Student: 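So that we are looking at the same thing, I have put the structure below in structure tokens.
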Amino acid sequence: MGLQMRGRYDMMPRAMRELPKAYEPTQVEEKWQRRWQEEGCFHADAHTAKPTYSIVIPPPNVTGVLHMGHVLNNTIQDILARRARQEGKEVLWLPGTDHAGIATQARVEKELTKETPPRTRFDVGREDFVKMVWAWKEEHGGIIIKQLKKLGCSCDWERERFTMDPGYATEVARVFVELFREGLIYRGLRMVNWDPVLLTALSDEEVIMTPSKSKLYTIRYRLEDDPNRWLLVATTRPETIMADVAVAVNPKDPRYADMLGKKVIRPLCEAPIPIIADEHVEIGFGTGALKITPAHDRVDFEVGVRFGLQIIDVLTADGHINCPGCPELHGKERFEARDLSAELLRQKGLLEKEEAYENNVGISQRSDVPIEPRLSMQWFLKYPCVQEAKDAVANGDIVFRPAHWAKTYMHWLDGIQDWCISRQLWWGHRIPVWYRKGMASELKEAAKLDVTDANAGRIYVGVEPPTDPENWVQDEDALDTWFSSWLWPFATMDADCRAKFYPTSDLVTGPDIIFFWVSRMIMAGYRFEGAKPFSNVFFTSIVRDLQGRKMSKSLGNSPDPLDLIERYGADGLRFGLMRIAPTGTDVKFDEKQIEEGKNFANKLYNAARFRMMQGEASSSPAPKFSPVHIDILAKLKQLHTQLANALGKYEFNACAQALYSFFWNEYCSLFLEAVKNDLREGADPAVRNATLSTIDTVLRHYLSLLAPIMPHITEELWESLGYAARYGGKPLMLTELPDDTALLSGLEDSEIALACATATALYETANRARNLKAEYNLATNKNVRLVLKPAVPIEADLAGRLALLVGAKETDVEQDYTAPRGTPTALTPLGELFLPLEGLVDVQAERDRIAKELLQIAKEIVKSETKLSNPSFVQRAPAEVVQQEQARLRDWNEKKQHLIAMQAALS
RNA sequence: GCACGGGUAGCUCAGUGGUAGAGCGGCUGUUUUACACGCAGUUGGUCAGGGGUUCAAAUCCCUUCCCGUGUACCA
């Protein structure tokens with residue numbers, strides 16, 4: 001090998017025969033991940049003058065392990081980041097993890113239950129428990145970060161953040177204090193979604209309305225003053241009857257008009273309760289009478305408020321009945337109590353009927369049990385900058401892709417409700433509010449606490465604890481995890497970093513967290529930084545299994561990405577996934593596709609290996625280019641454009657597709673197969689130089705273009721092909737994209753067009769010849785002779801390439817060739833092509849073949865003639881289209897004539 | 001209920017008015033010196049159904065059906 005070896009990226013000469021035939025990704029990938037990091041390739045400098053590109057990672061839960069959704073999401077971010085580096089930008093991809101209050105706390109609590117004897121966090125105590133969670137986080141919390149590194153993510157790991165880092169915690173508190181002072185954060189007694197397993201309030205977004213099979217019970221309520229009159233009430237929750245304080249009917253319902261103002265006897269925990277009239281009750285549903293249970297239903301609560309009704313709470317925090325007045329039910333679990341109460345009513349003869357019924361039940365996203373509407377003292381946030389958030393997306397300051405998600409976003413913002421931000425958890429940011437000692441119990445009951453209470457000195461709200469802590473007691477609650485996540489795009493950055501990299505460029509995330517995260521970040525960005533947090537939001541598809549089901553642990557249908565990386569390589573996984581990732585819809589995951597990614601890596605490796613087996617090109621004699629060289633360079637130039645366009649539209653599947661098809665089909669199958677003889681011994685050195693330099697040009701450009709998707713193998717080949725040393729002496733990932741305008745710069749457009757047409761004709765001709773061979777059952781590798789009766793001038797070079805492509809020993813170009821009777825013939829763009837089969841001629845077979853082809857052509861001709869004989873078409877279609885159709889018809893007719901002539905020669 | 005997305009070859013998906021495509025799979029041939037993770041050939045389609053607009057519809061409009069997602073709820 002005559003490679004020039006110098007610099008630290010040099011490659012030691014290796015005997016090419018020792019290069020393994022198959023690409024083995026594992027070691028290569030580990031090596032480059034290590035080297036990139038050692039050399040600080042991922043580090044973002046906040047002080048350069050370069051244009052910036054920045055992304056903040058959607059922080060995975062610190063309890064998380066990598067799943068396919070993460071792979072999709074982070075591969076896309078990595079592609080964007082790597083491509084931006086190639087374009088000369090200063091790139092920050094900021095990584096980190098989320099403390100995930102509920103998930104992480106639950107994780108450690110689970111460990112406690114495994115102890116003997118089992119313990120709960122209450123046995124441990126708040127301070128020690130929080131210490132335990134921190135310890136767990138230090139030991140197990142980094143798993144997903146390691147996994148992201150294995151995927152090749154080029155995050156600036158020096159800037160890794162955690163949502164409970166000290167600096168971050170300060171930001172969270174600062175924001176709380178500011179919003180409190182502004183009056184947007186307040187504490188109030190409200191109906192909230194209560195999780196009876198986790199014993200905390202949840203936001204509306206954390207409740208999933210799920211259709212469930214329930215029962216609708218119709219129950220008899222006796223009128224107080226008439227033992228023979230009954231009011232029938234339908235309910236799905238008989239276990240809350242003891243908390244009924246009224247029965248409501250629609251004021252327009254004639255059936256009950258005379259009952260208004262009277263009382264019925266509550267059938268359990270008996271007591272008279274009024275019959276009231278409320279518009280809210282639908283006449284047509286059930287019996288038209290609705291039991292009002294303000295403590296256990298949101299709507300009933302509002303009715304209760306309107307009518308000044310009493311609130312009777314008969315459920316404990318963990319979902320058990322608390323009603324000593326009804327000893328049969330007191331202390332029973334809520335669902336057990338439901339059946340039991342129905343039974344009790346039946347025994348009393350008060351259960352009119354019981355029917356199967358499907359209704360929507362709110363399920364806790366976290367604990368998977370039905371939530372309870374519960375009256376509870378919680379902290380709420382009235383969202384800031386709602387209008388700015390709407391405007392930004394409406395006027396295009398922030399672009400959603402796919403665009404239709406903007407509708408979902410707007411809809412949510414239109415109906416936005418105050419956010420319940422307090423959680424009865426220990427792991428998380430504790431609410432920075434302190435109550436004056438001695439007043440604590442009084443304040444606990446206060447209907448609403450707000451900024452005036454701080455002014456009155458009853459409470460203290462501050463980033464720092466009060467200076468006289470002995471006089472204060474801190475609020476017990478922690479903040480919703482999303483109350484820290486919504487600050488992620490700026491709270492992760494110091495002042496310099498913010499100055500350079502905020503607002504960020506792109507956000508890549510799943511549409512399932514538009515409300516949880518995306519919308520809230522936008523509002524926070526405007527409120528606290530006075531600017532949008534990002535310019536583009538790319539919503540990835542949701543990865544599903546082949547049956548279309550969401551991937552989940554319980555279904556066991558979620559492949560382990562690390563296992564996939566092991567078997568197919570990170571590059572294979574990335575490429576395979578990008579190839580099937582559609583824009584705008586779900587992606588059905590098929591492992592076969594990942595295998596394709598691996599196969600593609602192998603193809604690339606072998607194409608590079610082929611190059612390494614050749615010597616070096618030399619400057620003399622001057623390279624003699626032929627049409628196939630020019631053709632592949634023109635296609636390469638096209639690929640540059642295609643990729644830039646697809647990336648601009650975030651069409652990653654189109655990128656992968658274009659890269660795949662260029663390399664496999666155009667470069668390997670056509671170009672390389674056409675030029676192999678140029679590299680054999682005895683070939684014209686000028687042609688050899690043209691071929692080698694073309695190969696190098698293509699590979700050099702191609703590795704750069706592919707690098708963002710398959711960073712490891714391209715980096716490896718960049719080095720081992722010697723390009724690192726030759727083009728800039730830097731790793732590929734820090735090398736700028738080569739300039740595609742320099743390709744073919746010395747040639748006129750017309751020359752290029754002619755060369756491409758010639759190459760295309762050559763490939764088509766080869767194709768026809770291969771068909772002929774196959775139809776005559778001649779093995780691919782069977783050396784045959786071709787004769788070409790040229791329709792255009794054929795250079796010897798071209799004839800040679802044709803023979804090579806077809807697997808023929810030669811192509812004779814003979815203007816006056818007369819084929820023996822029955823010789824298989826094809827009409828090709830280069831002329832009539834014969835496949836003389838000395839002694840093997842099968843006249844009948846050739847006749848059949850021609851007849852078959854004629855049949856096909858006849859159909860096309862009919863189609864075309866029908867079209868052209870339609871006057872409307874000729875008159876109304878654009879002239880261009882008509883001409884095109886006419887040309888097609890001429891072509892078909894010409895072919896037909898030719899085939900008929902051949903047929904005649906056979907008879 | 002409302003909104004959004006989707007229905008194209010056995011499978012996964014491209015295809016924004018002008019000759020229905022790719023990869024995989026199937027079948028046939030092939031160990032030719034980069035690659036059998038390969039090469040060559042080939043087989044697969046009422047573009048969900050119906051109607052409309054148009055010279056021309058997978059593509060635009062209407063409608064029905066099916067799948068998915070979000071959202072609102074009636075106890």
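Since the model is a prediction, treat every value here as computed from it, not as a measurement.
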Student: For Val281(A), report the nucleic acid contact type (base, sugar-phosphate, nothing); a contact means any heavy atom under 4.0 Å.
Tutor: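 Base contact.
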
Student: Any donor-acceptor pair under 3.5 Å linking the side-chain atoms of Glu591(A) with those of Tyr568(A)?
Tutor: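 Yes, Glu591(A) and Tyr568(A) have a side-chain donor paired with an acceptor closer than 3.5 Å.
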
Student: For a salt bridge (charged side-chain N to carboxylate O under 4.0 Å, His left out) with Glu239(A), tell me which candidate from Lys215(A), Lys291(A), Arg338(A) qualifies.
Tutor: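 Only one of Lys215(A), Lys291(A), Arg338(A) forms a salt bridge (charged side-chain N to carboxylate O under 4.0 Å, His left out) with Glu239(A), namely Arg338(A).
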
Student: Report yes if a side-chain nitrogen or oxygen of Ser669(A) is closer than 4.0 Å to either non-bridging phosphate oxygen (OP1 or OP2) of A40(B); otherwise report no.
Tutor: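 Yes, within the criterion.
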
Student: Under 4.0 Å from OP1 or OP2 of U42(B): is there any side-chain N or O of Asn771(A) that close?
Tutor: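 Affirmative; the distance criterion is met.
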
Student: Does Tyr568(A) put a side-chain nitrogen or oxygen below 4.0 Å from OP1 or OP2 of C37(B)?
Tutor: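 False: Tyr568(A) side-chain N/O out of range (4.0 Å or more) of C37(B) OP1/OP2.
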
Student: Mind telling me if G23(B) is syn or anti? Syn here is a glycosidic angle within 90° of 0.
Tutor: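 What G23(B) shows is an anti base, its glycosidic angle lying more than 90° from 0.
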
Student: Arg770(A) and Asn767(A): side chain to side chain donor-acceptor pair (under 3.5 Å), yes or no, with the steps?
Tutor: CA-CA 5 Å; Arg770(A) 283 167 173 172; Asn767(A) 214 31; 4.6 Å; no

Student: Do Lys676(A) and A34(B) have a side chain to base donor-acceptor pair shorter than 3.5 Å?
Tutor: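 Such a pair exists between side chain and base.
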
Student: Any donor-acceptor pair under 3.5 Å between the side chain of Lys603(A) and the base of C35(B)?
Tutor: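 Such a pair exists between side chain and base.
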
Student: Roughly, in whole Å, what's the span from CD in Gln642(A) to P in G15(B)?
Tutor: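 Those two atoms, CD and P, are 14 Å apart.
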
Student: Sticking with atom P, work out how far A48(B) lies from U59(B), rounded to a whole angstrom.
Tutor: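 Result for the P pair: 8 Å, nearest Å.
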
Student: Mind checking if Asn767(A) touches a base, just sugar-phosphate, or nothing, with heavy atoms under 4.0 Å?
Tutor: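 Here Asn767(A) touches the backbone only, sparing every base.
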
Student: With distance as the sole criterion, do the side chain of Glu673(A) and the base of A40(B) form a donor-acceptor contact below 3.5 Å?
Tutor: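 Under the 3.5 Å cut-off, the side chain and the base do not form any donor-acceptor pair.
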
Student: Can you name the one residue among Tyr650(A), Trp405(A), Phe539(A) that meets ring-ring contact (aromatic ring centres under 6.0 Å, His included) with Phe400(A)?
Tutor: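 So the option named by the test is Phe539(A).
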
Student: Compare side-chain N and O positions of Trp412(A) against OP1 and OP2 of C4(B) and report whether any pair is under 4.0 Å apart.
Tutor: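 Checking Trp412(A) against C4(B): no side-chain N or O falls below 4.0 Å of OP1 or OP2.
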
Student: Within the structure shown, what part of the strands sits under 4.0 Å from Arg579(A) by heavy-atom distance: base, sugar-phosphate, or nothing?
Tutor: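 Sugar-phosphate, backbone atoms only, no base.
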
Student: Establish, yes or no, whether the cationic atom of Lys603(A) lies under 6.0 Å from the six-membered ring centre of Tyr667(A) and within 45° of the ring axis.
Tutor: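 Not satisfied by the 6.0 Å and 45° rule.
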
Student: Closest nucleotide of RNA chain B for Ala608(A) versus for Lys592(A): which of these residues is on the 5' side?
Tutor: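 Nearer the 5' end of the strand: Lys592(A).
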
Student: What's Pro511(A) touching, base or sugar-phosphate or nothing? Going by heavy atoms closer than 4.0 Å.
Tutor: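 Answer is nothing: Pro511(A) stays at 4.0 Å or more from every strand.
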
Student: Go through G5(B), A75(B), C35(B) for me and flag the one nearest to the Asn606(A) side chain.
Tutor: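 Closest nucleotide to the Asn606(A) side chain: C35(B).
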
Student: Should Lys291(A) be listed as having a side-chain N or O under 4.0 Å from OP1 or OP2 of A75(B)?
Tutor: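 Lys291(A) to A75(B) OP1/OP2: no side-chain N or O under 4.0 Å.
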
Student: Taking any heavy-atom pair under 4.0 Å as a contact, classify Leu290(A): base, sugar-phosphate, or nothing.
Tutor: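 Leu290(A): base contact, heavy atoms under 4.0 Å.
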
Student: Report which part of the nucleic acid Tyr409(A) touches: base, sugar-phosphate, or nothing (heavy-atom distance under 4.0 Å, all strands).
Tutor: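 Answer is nothing: Tyr409(A) stays at 4.0 Å or more from every strand.
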
Student: Base, sugar-phosphate, or nothing for Trp892(A), non-hydrogen atoms under 4.0 angstrom?
Tutor: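 Result for Trp892(A) = nothing.
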
Student: Tell me which nucleotide among C4(B), U33(B), G70(B) gets nearest to the side chain of Phe515(A).
Tutor: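 Taking heavy atoms from C-beta onward, the closest nucleotide is G70(B).
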
Student: Looking for any heavy atom pair under 4.0 Å, which part of the strands does Glu596(A) touch: base, sugar-phosphate only, or nothing?
Tutor: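 Contact class for Glu596(A): sugar-phosphate only.
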
Student: May I ask you to verify if any side-chain N or O of Lys588(A) is less than 4.0 angstrom from the OP1 or OP2 atom of C11(B)?
Tutor: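 The answer is no; no side-chain N or O of Lys588(A) sits under 4.0 Å from OP1 or OP2.
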
Student: Once the angle between the rings of Tyr702(A) and Phe600(A) is folded into 0 to 90°, is it parallel (under 30°), tilted (30 to 60°) or perpendicular (over 60°)?
Tutor: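 Aromatic pair Tyr702(A)/Phe600(A) classed perpendicular.
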
Student: Checking Arg890(A) against Asn893(A): is there a side-chain donor and acceptor pair closer than 3.5 Å?
Tutor: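 Asn893(A) vs Arg890(A): no donor-acceptor pair found between side chains.
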
Student: Provide the Watson-Crick or G-U wobble partner of G21(B), both distances under 3.5 Å; none if there is no partner.
Tutor: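 Partner of G21(B): C13(B).
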
Student: Could you tell me how far apart Leu889(A) (CG) and U19(B) (C1') are, to the nearest whole angstrom?
Tutor: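 My rounded result for the distance is 13 Å.
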
Student: Applying the Watson-Crick and G-U wobble criteria at under 3.5 Å, what pairs with G5(B)? Answer none if nothing qualifies.
Tutor: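 Paired with G5(B), as far as the under-3.5 Å criterion goes, is C67(B).
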
Student: Under 4.0 Å from OP1 or OP2 of G38(B): is there any side-chain N or O of Asn599(A) that close?
Tutor: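 Yes, because at least one side-chain N or O of Asn599(A) sits under 4.0 Å from OP1 or OP2 of G38(B).
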
Student: Of the listed nucleotides (C37(B), G5(B), G23(B)), which one gets closest to any side-chain atom of His404(A)?
Tutor: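 Of C37(B), G5(B), G23(B), G5(B) is nearest to the side chain of His404(A).
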
Student: Using the P atom as the point on both nucleotides, what is the distance between U8(B) and G50(B), in whole Å?
Tutor: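 Nearest-Å result for G50(B) against U8(B) at atom P: 16 Å.
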
Student: Using only side-chain N and O atoms of Lys407(A), determine if any of them is under 4.0 Å from OP1 or OP2 of A3(B).
Tutor: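 Lys407(A) to A3(B) OP1/OP2: no side-chain N or O under 4.0 Å.
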
Student: Paired with G38(B): which nucleotide, if any, by Watson-Crick or G-U wobble criteria at under 3.5 Å for both distances?
Tutor: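 Pairing partner, where one exists within any strand: U30(B).
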
Student: Asp512(A) near the nucleic acid: base, sugar-phosphate alone, or nothing, with a heavy-atom cut-off under 4.0 Å?
Tutor: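 Touches nothing.
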
